[in-house]
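To keep things clear, I will list the structure first and then write my remarks on it.
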Amino acid sequence: MRGLLQVFDKISDWAGRVAMWALLFVTGIVVYEVFTRRVLHSPHVWTYEVITLFYGFHFMILAAYTLLKRGHVSIDIIYNRLSRKKQALLDVITYLLFFFPFMIILIKVGTSSAVASWATYEMTLTARLPLVLPAMKTITPITASLLLIQGFSLFYRRIFFLVKGEDF
Amino acid sequence: MFDLSPALVTFLMFAGLLIGLFMGHPLAFILGGLAVIFGLMSWGVAGLFVFANRIVGIMDNFILAAIPMFIFMANLLQHSGVADNLFLSLRYLLGPVRGGVAMAVVVVCTVFAACTGVIGASVVTMALLALPMMLKYGYDKSLAAGTICAGGTLGILIPPSIMLVLMGDQTGLSVGKLFLGGLFPGVILSFLYLTYIAIVCGRRPELGPPLSMEERMAVPVRKRISMAAVNLVPPTLLIIGVLGSIFSGIATPTEASGVGAFLALLMTIAYRRFSWQMFKEVVLSTGRTVSMVMLVLVGASCFTGVFLGIGGGDVLTDLIMTLGMGNKWLILFIMMLIIFILGALIDWIGIIYITFPIFLPIVDKLGFDQLWFVICVSVNLQNSFLTPPFGYALFYLKGVAPPEVTTEAIYKGIFPFIILMLIGLSICILFPSWVLYLPNLIK
């Protein structure tokens, strides 16, 4: 189990460190497009859609990494005053009640929307680009899967602490 | 499925939100989890396929793509030292006055706010740089903390602003116009903060003592003025480059955000702060912040989809109209009060997503100007960054402040600034023509 959870954490870490560079790609294309459009007066239609694809990829894939680094905002005013045992208990409840159902539903609805998009070879409306929309729709189930395994890794550690009274 | 009345579901969803929040779980997943629970209860799994479209709608959105780049720009600027140098020179210029260092913080935050669209960069920069300095000079801890929180929060009101970008996306109003609308309240609030600091420290110098004679002698007045002027040049260039290109119609906000991030990168090189290590860290920390902000958007969008779908919007609309007794000013007051209270509990993204679909039709029905209303909300939302337990400015300040600045001292310090924000909001509500003057200049 220990090895498995470490693999889960590694996956989030690795995915985040890859996805973070999409930001540079997005910024680069925006600067390129402003230059060609405003200075060279030769605009491209495809850039808008490529920009949105990579902007979406960036923040979605980074979500699991952000969870690993405890970067998602929460109210800790009461939580921080509790004993570690109570904190672990609260985490177990909230993961079961909110987190896991949300992720499982996102995987389910996200997958069927992605499958439909690939099956019809959906194209973007303005530039008629292939692949962009199916790829974008595939991001949702991938993000939810990454979050699910990262969430499981954190969840299991909480359970372990509750049962054994020591850190995993 | 369960046959629950919309009123009961509305109540349960907000009660669930409140309970979940105080259990310490991340806001994004509470919103999403509640959406799943109540969506399943009302419609079954078939009703939840709308989530997929809503999330793709957030990704497939060229306006919202400005948000990561504005955050990237702010983080680069934070590391460039632009604000540091400006603050250090203004400290000498304003230092001899009582409360002068705190005023320097507000001025730097205001200038920085016109360069960036977020609050994190200003709060963190000032907390790292100005807070230790103010404590060293014997400033009151609460005043110092409150000034930094309130001043830094101007970053998201004064354009460019990721909050106004999101509001533009949600209302269909032009982001350029909203940016122009944010200028007047931003300047008013900044002016109110300066006045407050001057009055309080003027009457009680022990709260914010002037610089000592020796320190004043070290730098002659002429040098102080020239230093401040020189250090104003880089931010001025950024403001012209980013805001200038948006207001003149040369670039869309998204394009300007990309160019702004690029300019900020050049500034880190010009200020000799650039290193690969720093750059990698900025890209990674930007990714974390962007993901945090956008995931709340994802959760809030699912929550609102379910909430409105079950008829919660009508419940709230009826409630507001009944409580307002047909008086449009009373109804406006109730809407602002709801936003203020929500501001203490959830963040601005959740508030915009939940309230706008309900409030905007009411605003139209009452005959208020939508642009004016949205600007007033953005002023009101300044409070959401400061009011505990959920306030981003508090999170950022606590993250980097020295331990002697306790949570109690911070809470005490922000209180007067919340009053000042409410005064600023009242000014905007009472004088719509002042708020709308600039936006109405462009078509």
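Note on naming: letters A, B, ... go to the chains in the order of the sequence lines (proteins, then strands), and numbering restarts at 1 for each one.
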[atom2] on [Y] to [atom1] on [X], rounded to 0.5 Å:
| X | Y | atom1 | atom2 | answer |
| --- | --- | --- | --- | --- |
| B:Phe262 | A:Phe35 | CZ | CZ | 10.0 Å |
| A:Met20 | B:Thr286 | CE | OG1 | 9.5 Å |
| B:Met69 | A:Ile51 | CE | CD1 | 6.5 Å |

Taking the side chain as every heavy atom from C-beta outward, state whether [X] and [Y] have any pair of such atoms under 4.5 Å apart.
| X | Y | value |
| --- | --- | --- |
| A:Trp21 | B:Lys280 | yes |
| B:Phe29 | A:Met103 | yes |
| A:Leu24 | B:Phe279 | yes |
| B:Met294 | A:His58 | no |
| A:Leu133 | B:Asp60 | yes |
| B:Phe390 | A:Ser74 | no |
| A:Ser112 | B:Phe49 | yes |
| A:Phe99 | B:His25 | yes |

So for [X], is it side chain, backbone, both, or neither that comes closer than 4.5 Å to the heavy atoms of chain A?
| X | value |
| --- | --- |
| B:Ala65 | both |
| B:Leu48 | both |
| B:Ile58 | both |
| B:Ile37 | side chain |
| B:Val296 | side chain |
| B:Leu64 | both |

Using modelled atom types and a 3.5 Å cut-off, is there a donor and acceptor pairing between side-chain atoms of B:Ser291 and backbone atoms of A:Phe59? yes

Are the side chain of A:Arg38 and the backbone of B:Ile250 linked by a donor-acceptor contact shorter than 3.5 Å? yes

Pair count under 4.5 Å, heavy atoms only, with chain B: among A:Thr66, A:Val73, A:Ile29, A:Ile78, highest is A:Val73

Between A:Leu147, A:Ile77, A:Leu23, the one whose heavy-atom pairs under 4.5 Å with chain B are most numerous: A:Leu23

Would B:Glu255 and A:Arg37 count as a side chain to side chain contact (heavy atoms under 4.5 Å, CB included) if you check the C-alpha gap in whole Å, the side-chain angles of each, and the deciding distance to 0.1 Å? CA-CA 11 Å; B:Glu255 290 169 342; A:Arg37 184 180 299 243; 4.1 Å; yes

Work out which heavy atom in [X] is nearest to a heavy atom in [Y]; give both atom names and the distance.
| X | Y | result |
| --- | --- | --- |
| B:Ile30 | A:Phe98 | O-CD2, 4.0 Å |
| B:Met59 | A:Tyr55 | O-CE2, 3.0 Å |
| B:Gly287 | A:Leu62 | CA-CD1, 3.5 Å |
| A:His72 | B:Met292 | ND1-CA, 3.9 Å |
| A:Thr27 | B:Gly258 | CG2-O, 3.6 Å |
| A:Val30 | B:Thr254 | CG1-O, 3.9 Å |

